[in-house]
Structure formats: C-alpha cells, structure tokens
There are 2 protein chains.
Amino acid sequence: MPKKTFYNLSEEKRNIIIETAIDEFASDSFKNASISKIAERAGIAKGSLYQYFIDKKDLYKHIIEISGNKKLEYLTDCIARIEGLKLFELIRELYKQGILFTIENPKLASITNNFLKETDTRFKEEILGTNMEKSNQFFEMLIEKSKQKGEVKNEIDTKVGAYIITHLNTAIVDQVLNHMEFSEILLNQEELLDKVDKMLFILESGFNS
Amino acid sequence: MPKKTFYNLSEEKRNIIIETAIDEFASDSFKNASISKIAERAGIAKGSLYQYFIDKKDLYKHIIEISGNKKLEYLTDCIARIEGLKLFELIRELYKQGILFTIENPKLASITNNFLKETDTRFKEEILGTNMEKSNQFFEMLIEKSKQKGEVKNEIDTKVGAYIITHLNTAIVDQVLNHMEFSEILLNQEELLDKVDKMLFILESGFNS
DNA sequence: TGACATTATGACTGGGTGGTCATATAATAT
DNA sequence: ATATTATATGACCACCCAGTCATAATGTCA
C-alpha cells in the first residue's frame with residue numbers, strides 16, 4: 001500500500017504516476033520492469049517515487065490491486081445473476097466479460113496475465129495475500145451446484161472440471177492479448193465470441209459422437 | 001548453432017557447459033538468465049563461452065533444440081502407433097509421455113515451458129524457425145481423421161478442439177513443474193494419470209448430463 | 001627445436017538496475 | 001517574518017549484465 005504522502009498528491013499527479021506504472025508493468029514482468037523508467041517517464045525524480053511507495057514491490061502490489069478491482073467491475077454484473085443462469089450460460093458470460101475487459105483494458109489485462117504466469121509461488125502469495133485460488137474455488141462451487149440441479153454429470157470430477165474452465169479462460173485472454181499486440185487491428189469481437197461458443201459447445205457435449 | 005570450436009572440445013567439457021546452461025535457463029527466462037553465471041559455474045572464462053557460441057541467443061537456441069529433441073524421444077513411440085489408436089487413446093498416451101518427460105527431465109521441461117510463455121512472437125520465431133504451431137496442426141490433423149472415422153462429432157470446430165487439447169497439455173505440464181518445485185516429493189505418477197483420465201473423460205463426453 | 005595456429009582468459013566498456021540520502025525547495029503554522 | 005514540518009531531487013552506491021579484445025597459454029606440425 002502506498003504511503004500517506006502519495007495520497008497528499010493532487011489527483012492529476014497521482015494518475016500520471018499510476019498510468020506510467022501501468023504502462024511499464026504491462027510491457028515487462030515484475031523483475032524486468034524499471035522503477036527508473038517509470039520515474040523518468042512520469043516526469044518525477046526517482047527519489048520521489050520512494051517517497052510515495054516503500055519499494056518496487058509495493059508499487060506493483062498497488063497496480064495489481066487496481067487491475068483486480070477493475071476486472072471485478074466487469075464481472076460483478078453477471079456474478080449477480082448466478083442464480084438465474086445455467087452453468088454454461090454463466091461461464092459464457094464470464095468469458096465474454098473477460099474478453100471485453102481485455103479489449104478495453106489491454107494493459108491491465110496484460111499485467112494480471114503476466115502476474116499469473118509468474119512462477120515464484122511465494123512471490124505470488126506475498127502480492128495476493130489470501131486471495132489466491134479464488135477463481136478455481138468459485139468454479140468448483142458452481143459445478144457442485146449444477147450437479148445438484150442435475151445439469152451436469154455426477155461422474156465428473158469437480159476440481160478437474162474447474163481446472164479446465166479456469167485454464168481455458170486464461171488461455172483465451174492470452175490469445176486476445178497476443179493478437180492485439182501483433183496485428184494492431186482491433187480484432188473482431190464477434191469472431192472471438194464465436195470461438196468461445198465453439199469451445200463451450202465442446203465442453204458441454206464432448207468430442208465423442 | 002555452436003561454432004566449430006565448441007565441437008573441438010572434449011565431450012566432458014561440452015557436457016559440463018551444456019548442463020550448466022540448462023540449469024541456468026531452467027531457473028530463469030532468456031532475458032534474466034546470465035551468461036556470466038553460466039561461465040562461472042561451468043568453471044570457464046566468460047570469453048571462452050563466446051568462443052563456442054556467437055552470443056546468448058545462440059546458446060539458448062542450442063539448448064532449446066536439445067530440449068525439443070529429448071522430448072521427441074518420449075513421443076515418437078506413441079506417434080508411431082497413431083493408426084492403431086483412437087483419438088483419446090492417443091491423446092492419453094501423449095499427455096502421459098509429456099508428464100513422464102517432465103518428471104524425468106524437469107529442467108528441460110521447465111526451459112521449454114518458459115519458452116512457450118515468452119510473449120515476444122518475433123523472438124519465438126527466431127528461435128524456432130519454421131517449427132512453430134506444429135503441435136496445434138498435429139492435433140488438427142488427428143481430429144479431422146477422427147471425424148472421418150465417425151469417432152468425433154462433426155459439429156466440432158477442429159481448430160478450437162486442437163486449441164483446447166494443446167492448452168490443457170501445457171497446463172498439465174505446468175502443474176507438474178510447480179508441484180515439483182514446491183514439495184520436493186516426487187509426486188505420485190498414478191495420481192497424476194488419474195487426473196489426466198478425469199480430464200479426458202470430461203473432454204470426451206462433456207459436462208452436460 | 002622453432003614456427004604457426006588454435007584456444008583460454010579476465011579486465012574492461014558501456015549500459016542497466018533498486019534503493020539511499022544529504023540537500024534544496026515549498027508549504028504551513030506561529 | 002520566522003520557525004517548523006513536509007516534499008522534491010538527483011548524484012551516488014553497490015551491484016549486475018552482454019559482449020569485446022589484447023594477451024597469454026596451449027597444441028600442432030616440420
């Protein structure tokens with residue numbers, strides 16, 4: 001968390017710093033992102049950054065938190081509709097909102113994605129606190145409910161099912177990001193949703209004929 | 001590719017260098033791996049390394065090539081049996097061999113996995129040459145064949161199907177690696193295969209009841 | 001033994017990094 | 001206007017890096 005001095009800054013200055021940090025962390029991993037560059041590009045002295053944040057990790061934590069909150073904004077609507085939707089209707093909505101978030105906030109999406117790819121588990125825990133594995137547990141809960149409703153096969157292993165759904169979600173976000181980097185074209189959202197539907201169709205009914 | 005001087009070295013010395021490089025690239029990304037450390041740990045002068053390899057990328061290329069070849073050894077057997085097996089029997093074998101490779105060669109697996117996570121597409125192309133996307137195309141071909149045999153639903157999108165199978169494969173390898181890092185216990189191979197079976201069951205028959 | 005080619009070496013260059021700290025500036029309070 | 005507190009600064013520290021190159025050591029052939 002930032003020091004008090006950071007919140008004494010004008011909102012404008014705070015925004016510049018945050019935006020610059022987002023830029024930097026979006027284009028490099030935590031390790032390779034540069035505090036020096038952030039300071040330079042934000043037009044402040046490096047020493048000042050250390051007046052606002054304890055250290056690099058502290059700034060990173062704050063940016064990760066911002067990312068998470070922003071993404072939550074995209075998901076809360078459909079999470080609110082949990083009760084009314086069938087499992088795969090809900091998953092479709094979640095995937096869709098994930099894609100939307102990625103398209104509208106590519107830098108934030110890239111940051112959270114880079115973070116997920118981080119291998120150092122201790123580091124991850126340190127940054128996320130207790131919030132880890134939340135996504136997996138959420139899907140596990142959904143699957144259990146759907147089993148009880150008779151929507152989903154009982155023979156299915158809940159944990160493995162949640163694992164599949166989580167991983168394909170991040171895989172999709174990853175692909176969106178890479179395409180956006182490569183061809184600068186804002187890729188067709190409908191085409192993407194079509195892919196998602198094809199994917200969910202496979203998950204729902206299986207490969208076998 | 002290494003310079004001629006590298007191949008003039010004794011096999012022993014060559015092996016030490018390769019092993020040390022594998023260690024280094026396994027524990028850090030290309031960017032963060034250190035030539036200086038490799039030289040120091042291999043007990044040779046840094047300048048010598050540059051007598052054997054053009055630059056860092058050249059050494060990395062060679063290590064990636066070694067990894068790829070070693071993994072191919074694990075897969076050729078079951079690839080040879082393509083004709084006799086059903087789609088998911090084959091996929092099971094491929095996943096299984098992938099896990100086996102990862103357990104028996106965790107460093108090499110970690111290197112290839114880190115490489116796959118690399119975001120810079122140009123860099124990837126430069127390292128791999130034309131070999132990119134091979135895995136995806138392979139699965140696409142398999143799915144097409146299985147459709148013709150009537151094993152697999154025709155309504156399924158081949159590309160999306162291959163995408164799912166490829167991504168879940170790398171996700172599994174990833175999990176194996178992380179577990180190995182964390183608990184130093186050689187994790188139960190049967191337990192893993194059980195998870196794979198549960199995963200394939202879902203893919204074969206779908207979530208819906 | 002001497003002449004030549006090959007290989008080994010590590011100090012060095014120019015660049016980067018996170019983080020510190022004495023000092024300068026600005027703001028506030030008296 | 002003075003004293004006190006809060007913020008801004010950038011030179012500086014210790015460290016790391018990839019890659020170079022003149023020199024030294026070693027090997028090879030005559």
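- Projected onto DNA chain C by closest heavy-atom contact, B:G47 and A:E24 fall at different nucleotides, the more 5' of which corresponds to B:G47.
- Taking side-chain N and O atoms only, A:Y50 has no distance below 4.0 Å to OP1 or OP2 of D:dT9.
- Here the side chain of A:D55 is nearest to one of D:dG19, C:dG19, C:dA8, namely C:dG19.
- The phosphate of D:dC16 (OP1 or OP2) has no side-chain N or O of B:S36 nearer than 4.0 angstrom.
- Distance NZ (B:K57) to C1' (D:dG19): 14 Å, rounded to an integer number of Å.
- Rounded to a whole Å, the CG atom of A:D28 is 11 Å from the P atom of C:dG18.
- Here C:dG15 presents its P atom at 14 Å from NZ of A:K37, a figure rounded to the nearest Å.
- Among the heavy atoms of the strands, none lies under 4.0 Å from B:K3.
- B:K13 comes within 4.0 angstrom of the backbone, heavy atoms only, and of no base.
- Within the structure, a side-chain polar atom (N or O) of B:N8 is placed less than 4.0 Å from OP1 or OP2 of C:dT7.
- A donor-acceptor pair is defined here as one N or O able to donate and one able to accept, closer than 3.5 Å; such a pair exists between the side chain of A:E24 and the backbone of A:S34.
- Across all strands shown, A:F6 has no heavy atoms under 4.0 Å from either base or sugar-phosphate atoms.
- In this entry the distance linking CD of B:Q51 with C1' of D:dC21 reads 10 Å, nearest Å.
- Within the 4.0 angstrom heavy-atom criterion, only backbone atoms of the sugar-phosphate kind lie near B:T5; the bases stay farther away.
- One N or O on the side chain of A:D58 and one on the backbone of A:M1 form a donor-acceptor pair closer than 3.5 Å.
- The shortest distance between the side-chain N/O atoms of B:S34 and the OP1/OP2 oxygens of D:dA18 is below 4.0 Å.
- Rounded to whole Å, atom P of D:dT7 lies 14 Å from atom OH of A:Y7.
- The side chain of A:K46 contributes no N or O atom lying less than 4.0 Å from OP1 or OP2 of D:dG10.
- Rounding to whole angstrom units, CD of residue A:E40 and P of C:dG16 are separated by 10 Å.
- Residue B:A33 is in sugar-phosphate contact alone, with no base atom involved, counting any heavy-atom pair closer than 4.0 Å across all strands shown.
- Geometrically, B:K56 engages B:F30 in a cation-pi contact, judged by NZ or CZ lying under 6.0 Å from the ring centre and within 45° of the ring axis.
- For B:Y52 and D:dG19, the OH to P distance is 17 Å, given to the nearest whole Å.
- The existence of a salt bridge linking B:K195 and B:E190 is excluded, since no basic side-chain nitrogen approaches an acidic carboxylate oxygen closer than 4.0 Å.
- Taking atom NZ of residue B:K56 and atom C1' of nucleotide D:dC17, one finds them 8 Å apart after rounding to whole Å.
- A donor-acceptor pair under 3.5 Å is formed between the side chain of B:S110 and the backbone N or O of B:A26.
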